[in-house]
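Scroll down for the structure; my scribbles are underneath it.
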Amino acid sequence: MLNVEEHPPVIAQPAVKGTPCIEVNNVSKRFWMERNQASTVSGFFINLLNRNKKPRRSFMAVRDVTLHVYPGETIGLIGANGSGKSTLLKMIAGIYAPTEGTVAVRKRLVSLLELGTGFNSELTGRENVYLNGSLLGRTRKEMQAVFDPIVEFAGVREFIDAPLKHYSSGMVVRLGFAVASHVDAEIMLLDEIFAVGDDQFQRKCFQRLHEFQAEGRTLILVSHALPTIQQLCSRAMWLSRGKVMDEGPTDQVVGAYKTYIERLS
């Protein structure tokens with residue numbers, strides 16, 4: 001388990017001013033799911049008769065969320081599994097379109113939502129660095145400039161020309177984080193990056209985030225590790241079933257969330 005006390009205190013962040021670099025205004029996201037009736041004989045025939053009109057049900061993953069993030073801030077999103085945190089990040093990243101409301105991003109963004117997404121197991125680690133970089137919108141020349149730091153950070157120099165299918169899962173995760181964290185971006189979206197890898201890798205991730213803060217980058221971090229949220233984030237938002245339960249200074253929001261959890265236990 002990563003001990004956040006081993007790391008320096010969170011770097012002071014600039015006062016909120018100017019124009020937000022991220023504006024989420026009254027955003028909701030609805031998903032539709034097919035009702036599967038084929039578990040019975042009658043359900044099978046109902047599906048056949050209605051195969052072009054399958055009955056559906058919907059659920060709201062995010063409900064009327066507003067969040068304005070200013071340059072240089074680090075914002076933490078907390079809440080139980082299924083509370084809408086990752087869905088909100090994916091709307092900010094442009095992966096999902098909101099059902100209602102608007103999202104505006106005014107700076108160059110990179111998302112670390114699913115480390116290793118976009119890798120091809122048949123290609124070498126070297127080839128995957130350039131492939132993943134292109135998926136993140138970076139040119140080959142840009143990736144050449146950061147290739148060596150990526151390989152050193154991931155600790156895969158010995159295997160960089162081997163096919164990715166021969167890498168361990170930990171090596172793939174390290175390479176995915178190294179690529180995403182070395183591309184030039186002013187905003188970073190991070191989803192549970194401390195939930196993967198060993199302690200040494202987690203410490204490197206933690207130190208890398210401190211470097212981002214020192215560089216004035218804007219971070220939005222999803223994590224169940226509340227001490228990490230408290231150390232890294234100046235503000236936090238607590239979501240439950242897609243709704244905002246609290247938003248404000250990190251200690252205030254984390255305290256309210258802990259009180260809620262204690263009442264449930």
Side-chain angles (χ1 to χ4, degrees), residues 2 4 7-24 65-79 83-95 103-115 117 136-138 146 149 153 173 176-197 201-239 244 247-254 257:
L2 180 66
V4 297
H7 301 272
V10 63
I11 296 170
Q13 297 168 345
V16 172
K17 60 181 180 180
T19 303
C21 56
I22 298 172
E23 282 192 70
V24 177
V65 171
T66 292
L67 174 65
H68 293 176
V69 183
Y70 293 83
E73 283 196 292
T74 300
I75 308 297
L77 301 181
I78 63 174
S83 62
K85 306 182 302 295
S86 295
T87 299
L88 179 58
L89 278 194
K90 288 180 179 179
M91 286 191 285
I92 295 172
I95 297 171
V103 176
V105 178
R106 298 189 176 90
K107 301 286 185 179
R108 201 176 195 190
L109 177 150
V110 64
S111 58
L112 286 75
L113 306 184
E114 296 177 14
L115 298 179
T117 299
L136 292 171
R138 307 313 185 252
V146 294
F153 188 94
V173 165
F177 180 84
V179 171
S181 65
H182 281 81
V183 299
D184 182 28
E186 296 161 293
I187 300 171
M188 303 195 70
L189 310 180
L190 308 109
D191 193 350
E192 289 292 0
I193 63 167
F194 295 110
V196 295
F201 173 71
Q202 291 177 16
R203 290 187 182 93
K204 291 176 73 172
C205 291
F206 203 98
Q207 183 58 43
R208 189 74 174 143
L209 296 190
H210 276 302
E211 292 172 5
F212 294 155
Q213 290 179 317
E215 295 165 1
R217 300 200 201 191
T218 304
L219 310 177
I220 302 183
L221 173 67
V222 166
S223 180
H224 290 288
L226 298 181
T228 298
I229 291 290
Q230 286 178 289
Q231 183 166 357
L232 285 172
C233 303
S234 55
R235 276 199 293 146
M237 174 179 282
W238 165 26
L239 294 175
V244 177
E247 190 271 331
T250 303
D251 287 343
Q252 165 197 307
V253 176
V254 170
Y257 180 57

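Position 1 is the first residue of the sequence, and the numbers go up from there. Scope of the values below: all heavy atoms of this structure, side chains included, with no hydrogens, waters or symmetry mates.
Once rounded to the nearest 0.5 Å, the distance linking NE2 of His224 with NZ of Lys85 reads 4.0 Å. The CD atom of Gln202 lies 11.0 Å from the CZ atom of Phe177; values are rounded to the nearest 0.5 Å. Atom CD1 of Ile220 is separated from atom CE of Met188 by 12.0 Å, given to the nearest 0.5 angstrom. Atoms OG and CD1, on Ser234 and Ile75 in that order, are 4.5 Å from each other to the nearest 0.5 Å. To the nearest 0.5 Å, atoms CE (Met91) and CG (Leu189) are separated by 12.0 Å. Atom CD1 of residue Ile187 and atom OG of residue Ser111 lie 11.5 Å apart, to the nearest 0.5 angstrom.
Side chains of Lys204 and Gln207 form no contact here, defined as non-hydrogen atoms less than 4.5 Å apart. Using a 4.5 Å heavy-atom threshold, the side chains of Phe206 and Gln231 count as touching. Residues Ile22 and Leu67 are not in side-chain contact: their nearest non-hydrogen atoms beyond the backbone lie 4.5 Å or more apart. The closest side-chain heavy-atom distance from Leu232 to Gln213 is below 4.5 Å. The side-chain heavy atoms of Leu239 and Val244, taken from C-beta on, include a pair separated by under 4.5 Å. Within the 4.5 Å cutoff, no side-chain heavy atoms of Lys107 are placed close to those of Thr218.
Nearest heavy-atom pair across Gly79 and Tyr257 is C-OH, 3.5 Å. For the pair Tyr70 and Gly18, the tightest heavy-atom approach, listed with the atom from each and the gap, is CE2-O, 3.3 Å. Taking each heavy atom of His182 and Val146 in turn, the nearest pair found is O-CG1, 3.6 Å. Contact between Ile78 and Ile229 at its shortest, heavy atoms only, is CG2-CG1, 4.0 Å. The two atoms that bring Arg235 and Val69 nearest to each other are NH2-CA, 4.0 Å, heavy atoms only. In terms of heavy-atom proximity, Leu88 sits nearest to Met237 at CD2-SD, 4.5 Å.
Not one N or O on the side chain of Arg217 forms a donor-acceptor pair closer than 3.5 Å with the backbone of Glu215. With Arg106 contributing its side chain and Pro20 its backbone, the two residues share a donor-acceptor pair below 3.5 Å. Under a 3.5 Å cut-off, the side chain of Gln230 and the backbone N or O of Thr250 do not form any donor-acceptor pair.
Take Glu186 and apply the salt bridge (Lys or Arg N to Asp or Glu O under 4.0 Å) test, not counting sequence neighbours, and it matches no residue. Applying the side-chain hydrogen bond (donor to acceptor under 3.5 Å, both in side chains) test to Arg108 and every residue at least two apart in sequence or in another chain returns nothing. Not a single side-chain hydrogen bond (donor to acceptor under 3.5 Å, both in side chains) links Asp184 to another residue, sequence neighbours left out.
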Please report the C-alpha distance between Ile95 and Leu113 in whole Å, then the side-chain angles of each, then the deciding distance to 0.1 Å, and finally whether the side-chain contact (heavy atoms from CB on, under 4.5 Å) criterion is met. CA-CA 10 Å; Ile95 297 171; Leu113 306 184; 3.7 Å; yes
